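Reviewing the structure listed below.
What you see is a predicted model; the values in this text were computed from it and never measured. We count ligands from 1, going down the list as the structure has it; atoms in each ligand are counted the same way.
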Amino acid sequence: MAIVTATACGKIILFGEHAVVYGRPAIAAPLTLLRAQAVVQASTVAGVCLLAPDLGVHTTLDAADADDPLAAVLRHFAQAAKLAQWPDLTVTVHSDIPVASGLGSGAAITTAMLRALAAYFALPHLANPPQLSALTYEVEKLYHGTPSGIDNTVIAYEQPVYFMRQQPQNQIEPFRPAVPIDLLVADTGIRSSTKVVVEDVRRRWQADPIRFEQIFTACGDIVAAARQAIEQGNLAELGQLMTYNHEWLQEMSVSGPELDVLVQAALEAGALGAKLSGAGRGGNMIALVTRETAVAVQMALQQAGAHRVLLTRIEP
Ligand code: MEV
């Protein structure tokens with residue numbers, strides 16, 4: 001095949017980030033408005049050329065560092081596809097998803113590349129959600145060190161999911177809420193490395209395991225209650241639980257002044273609840289709104305310094 005294009009969505013964590021790394025449940029949803037795109041095309045130049053103009057990447061598979069995440073996608077794909085030798089190719093990646101902002105940009109780029117490669121080599125079994133998620137997870141380890149697997153799961157399935165990291169297999173339950181869930185996603189504009197924040201939480205957990213286990217368990221209990229609220233369509237309860245979850249994330253030290261200001265602004269403007277989303281210390285926050293409150297909350301977030309505010313809906 002001469003040219004193939006594929007995309008993958010971003011993601012938001014509704015509940016349970018960080019605690020999910022420690023075996024507690026979490027809830028995530030796709031952010032379909034923002035996407036990564038990969039184009040695979042035959043080339044007349046020898047070798048595999050890797051281009052990511054938004055990231056300033058212009059390299060080849062042979063020249064890329066051993067831990068280069070884009071090259072790692074190709075290497076993992078080659079292994080899974082039992083590809084003895086690469087044909088001459090150009091792989092180009094674009095993404096609307098800001099990097100290091102808690103929206104799953106790394107996992108989305110990997111998933112888009114894997115989808116495009118699977119289509120190019122006519123290997124559809126490598127593009128089914130479980131396989132795609134497993135391959136993306138291997139690359140996520142390079143970005144994140146000890147990822148829970150929730151990002152690759154929600155992006156590969158492109159459905160809202162309840163997720164729990166466990167052996168021998170993660171618990172993955174796609175769901176549809178009883179009523180639409182409207183969320184504003186607001187960017188602090190501050191970039192924050194998930195790997196660094198996850199490592200810092202691990203250090204704090206090692207230093208004070210009893211306290212951190214209590215915090216993680218409290219987050220897990222919130223997720224269980226949120227699951228019920230989602231199934232019952234109880235948005236008031238759901239919002240309250242989001243705000244409680246934010247308070248526990250503050251306790252974990254992963255919030256920050258800019259995130260707290262946006263959460264407060266959203267609540268004062270009538271949001272049913274608000275919290276940071278993703279690794280924290282920057283990146284994005286989410287606010288639960290209704291048709292009646294969406295505009296006022298959006299304006300309040302912009303006035304409070306949000307760099308970009310998106311409205312997304314989880315459909316029943
Ligand atoms: C990142 O989207 C969510 C974290 O819980 C890390 C992970 O689950 O791998 C912070």
Side-chain angles (χ1 to χ4, degrees), residues 8-31 34 36 69 95 97-111 133-167 170-173 183 185-188 190-205 212-213 215-220 222-223 226 242 245-246 248-256 259 275-286 312:
C9 62
K11 70 96 203 347
I12 45 177
I13 307 269
L14 267 65
F15 291 95
E17 50 275 268
H18 289 291
V20 68
V21 175
Y22 298 83
R24 285 11 176 238
I27 301 177
L31 185 61
L34 296 182
S95 181
I97 310 166
V99 294
S101 66
L103 300 180
S105 112
I109 288 173
T110 301
T111 303
S133 178
L135 277 173
T136 302
Y137 182 72
E138 291 306 310
V139 181
E140 281 288 282
K141 288 192 214 163
L142 288 176
Y143 287 103
H144 292 171
T146 55
S148 64
I150 193 168
D151 289 13
N152 46 284
T153 301
V154 66
I155 290 169
Y157 284 73
E158 202 159 331
Q159 287 181 63
V161 288
Y162 302 114
F163 177 92
M164 193 154 75
R165 181 184 194 185
Q166 62 184 25
Q167 294 295 341
N170 293 330
Q171 185 182 334
I172 297 164
E173 290 181 41
L183 295 159
V185 184
D187 195 341
T188 58
I190 297 168
R191 298 294 161 250
S192 158
S193 154
T194 298
K195 186 172 180 170
V196 169
V197 184
V198 169
E199 278 170 4
D200 188 49
V201 171
R202 183 167 298 275
R203 266 192 300 276
R204 288 167 190 264
W205 169 70
F212 269 74
E213 284 296 324
I215 296 175
F216 297 149
T217 297
C219 293
I222 287 174
V223 172
M242 282 171 62
N245 195 167
H246 184 73
W248 286 115
L249 290 160
Q250 287 175 319
E251 284 285 310
M252 272 182 227
S253 85
V254 299
S255 191
L259 282 163
K275 63 181 278 294
L276 72 85
S277 179
R281 303 246 174 97
N284 279 262
M285 56 77 70
I286 54 175
T312 188

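Between the side chains of Thr136 and Thr110, no donor N or O sits under 3.5 Å from an acceptor N or O.
Protein residues with any heavy atom under 4.0 Å from ligand 1: Lys11, Ile13, Glu17, His18, Val20, Val21, Pro147, Ser148, Ile150, Asp151, Val198, Ala279.
With sequence neighbours left out, the side chain to side chain donor-acceptor pair (under 3.5 Å) criterion links Ser133 to Asn152. With sequence neighbours excluded, the residues forming a ring pair (Phe, Tyr, Trp, His ring centres under 6.0 Å) with Tyr22 are Trp205, Phe216, listed by chain and number.
For the side chain to side chain donor-acceptor pair (under 3.5 Å) criterion with Arg281, the lone passing option out of Thr194, Thr188, Asp200 is Asp200.
Between Thr146 and Val198 the shortest side-chain heavy-atom distance falls below 4.5 Å.
Residue pairs meeting the salt bridge (Lys or Arg N to Asp or Glu O under 4.0 Å) criterion with at least one partner in residues 139-150, sequence neighbours excluded, are Glu138-Lys141.
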